[in-house]
Amino acid sequence: MEPGAGMVWPLLLVLVSYALDALAYIPAHATNDTTGFSDTSSLVLQWYPESSYSETVSYQLVGADSTGISQGVLVHFTEEGLIAETTKTPWIALISCDANTTDFSTEFDIFTLARDRGAVSAVLYSNTSESCIVNPEYADPQLFDNVMDLFVIPSLALSRIVEDQFQQEDPSGTYSLFNPSALNASVAIVSTAIVNHTVSAPGLLFATLTAANATRPASSPTVPAPPATQTASIFKSMVKLAPWM
């Protein structure tokens with residue numbers, strides 16, 4: 001064996017592992033049946049300056065050691081083109097349940113990949129159907145680890161409002177894909193938002209997910225109602241969805 005050859009195989013195994021990770025599957029599917037979405041969990045989005053929007057979401061999977069409350073930058077997350085880096089800046093994965101990649105692996109799931117890269121929870125949405133449902137077998141703790149809290153946006157109209165606001169606040173697409181460098185650079189903004197409940201700079205959406213049965217600390221203020229400018233923005237989004245309005 002040539003010198004250094006013994007180091008090649010471990011390196012190749014690591015690279016193969018990351019390659020498989022990038023083809024992880026999404027253990028959820030789109031649905032038009034939302035009759036079972038009866039809880040009143042919430043998603044609150046905040047952005048600069050002092051603006052906010054909130055909507056009801058469905059709490060579909062309780063993560064291990066969860067408090068029912070998670071906060072961080074909202075980031076579009078997909079298994080395609082994923083890089084093997086992480087960040088300590090809290091972030092929440094916004095994941096489409098519409099389709100898996102062509103050559104996805106059944107060994108790695110999208111939520112584990114997000115957790116391994118620093119995500120604190122995930123929100124599922126659909127661009128083609130009313131909502132998403134987590135696969136029953138994935139929700140079984142005997143078969144899979146409950147790696148994080150999983151929430152679902154319960155309607156196509158609400159998903160489009162979130163996407164529209166995402167595009168308005170992040171026109172450069174900084175958080176349209178997982179970007180650890182951008183997340184690392186925003187750590188001060190996110191830390192301040194968690195403590196003070198305000199976003200101190202433009203360019204990102206700060207999200208708070210709260211399960212219906214979660215208890216907020218007494219020091220946590222109620223997120224203010226959207227200002228008039230945001231109400232107009234939301235109305236414009238609804239007009240796009242319903243031209244007859």
Side-chain angles (χ1 to χ4, degrees), residues 16-39 41 43 56-70 72-87 90-156 158-159 162-163 166 175-178 207 209-214:
V16 169
S17 175
Y18 281 143
L20 289 174
D21 275 3
L23 298 175
Y25 74 105
I26 302 170
H29 59 275
T31 181
N32 287 316
D33 182 5
T34 60
T35 54
F37 295 3
S38 58
D39 67 277
S41 300
L43 166 66
T56 299
V57 291
S58 176
Y59 191 23
Q60 293 208 357
L61 185 65
V62 181
D65 303 320
S66 170
T67 64
I69 300 173
S70 52
V73 183
L74 192 65
V75 178
H76 277 103
F77 191 72
T78 174
E79 66 272 30
E80 294 184 88
L82 194 59
I83 59 176
E85 296 182 24
T86 187
T87 177
W91 62 281
I92 292 173
L94 182 63
I95 299 172
S96 169
C97 68
D98 289 327
N100 284 289
T101 54
T102 303
D103 299 318
F104 67 88
S105 165
T106 57
E107 184 176 354
F108 302 97
D109 69 86
I110 192 73
F111 306 124
T112 299
L113 263 63
R115 188 275 313 274
D116 291 347
R117 286 158 177 77
V120 295
S121 61
V123 184
L124 287 164
Y125 73 101
S126 174
N127 280 319
T128 60
S129 301
E130 277 300 298
S131 191
C132 306
I133 292 181
V134 176
N135 296 347
E137 63 273 13
Y138 189 80
D140 186 345
Q142 300 297 319
L143 299 176
F144 292 91
D145 294 332
N146 295 342
V147 297
M148 62 173 62
D149 284 349
L150 301 181
F151 295 82
V152 166
I153 298 177
S155 77
L156 180 59
L158 293 178
S159 292
V162 171
E163 284 282 64
F166 200 110
Y175 300 102
S176 61
L177 291 173
F178 175 66
L209 286 163
T210 306
N213 60 351

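Side-chain atoms are counted along with the backbone in the values below, which use heavy atoms only and exclude waters and symmetry mates.
- Within the model, atoms OG of Ser131 and NE2 of His29 stand 10.0 Å from one another, a figure rounded to the nearest 0.5 Å.
- Closest heavy-atom contact between Ile26 and Asn135: O-ND2, 4.5 Å.
- Leu74 and Phe166 get closest at one heavy-atom pair: O-CE1, 3.4 Å.
- Looking at heavy atoms from C-beta onward, Leu94 lies in side-chain contact with Tyr125 at the 4.5 angstrom threshold.
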Test side chain to side chain donor-acceptor pair (under 3.5 Å) on Ser96 and Asp98 and set out the steps.
-> CA-CA 6 Å; Ser96 169; Asp98 289 327; 3.3 Å; yes
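- Within the 3.5 Å criterion, the main-chain N or O of Pro154 finds no donor-acceptor partner in the side chain of Ser58.
- For the pair Ile133 and Phe37, the tightest heavy-atom approach, listed with the atom from each and the gap, is CG1-CZ, 4.0 Å.
- Screening Leu124, Val162, Ile153 for a side-chain contact (heavy atoms from CB on, under 4.5 Å) involving Val57 leaves a single residue, Ile153.
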Kindly determine whether Ser66 and Asp149 satisfy side chain to side chain donor-acceptor pair (under 3.5 Å), including the steps that lead there.
-> CA-CA 7 Å; Ser66 170; Asp149 284 349; 2.6 Å; yes
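- Between Phe151 and Tyr59, the two ring planes are parallel [angle under 30°; tilted spans 30° to 60°].
- The shortest side-chain heavy-atom distance between Leu82 and Arg117 falls under the 4.5 Å cut-off.
- Separation of atoms CG (Asn127) and CD (Glu163) is listed at 5.5 Å; rounding is to 0.5 Å.
- Atoms CZ and CD1, on Phe77 and Ile110 in that order, are 4.5 Å from each other to the nearest 0.5 Å.
- Ser121 and Leu209 make their closest contact through OG-CD1, 3.4 Å (heavy atoms, listed as atom of the first residue, atom of the second, distance).
- Among all heavy-atom pairs drawn from Ser126 and Cys97, the shortest one is CB-SG, 4.1 Å.
- Of the inter-residue distances, the one linking Leu156 atom CG with Asn32 atom CG reads 8.5 Å to the nearest 0.5 angstrom.
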Check the pair Trp91, Phe178 against ring-ring contact (aromatic ring centres under 6.0 Å, His included), reporting the backbone distance first and the verdict last.
-> CA-CA 10 Å; Trp91 62 281; Phe178 175 66; 5.1 Å; yes
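- Atoms CD1 and CE, on Ile92 and Met148 in that order, are 10.0 Å from each other to the nearest 0.5 Å.
- For the residue pair Leu43 and Ala207, the shortest heavy atom distance occurs at CD1-CB, 4.0 Å.
- The OG1 atom of Thr78 lies 8.5 Å from the CD1 atom of Ile95; values are rounded to the nearest 0.5 Å.
- Listed for the Asp116 side chain is no donor-acceptor partner under 3.5 Å among the backbone atoms of Gly118.
- Within the 3.5 Å criterion, the main-chain N or O of Phe111 finds no donor-acceptor partner in the side chain of Arg115.
- The main-chain N or O of Leu158 is found under 3.5 Å from a side-chain atom of Ser155 such that the two form a donor-acceptor pair.
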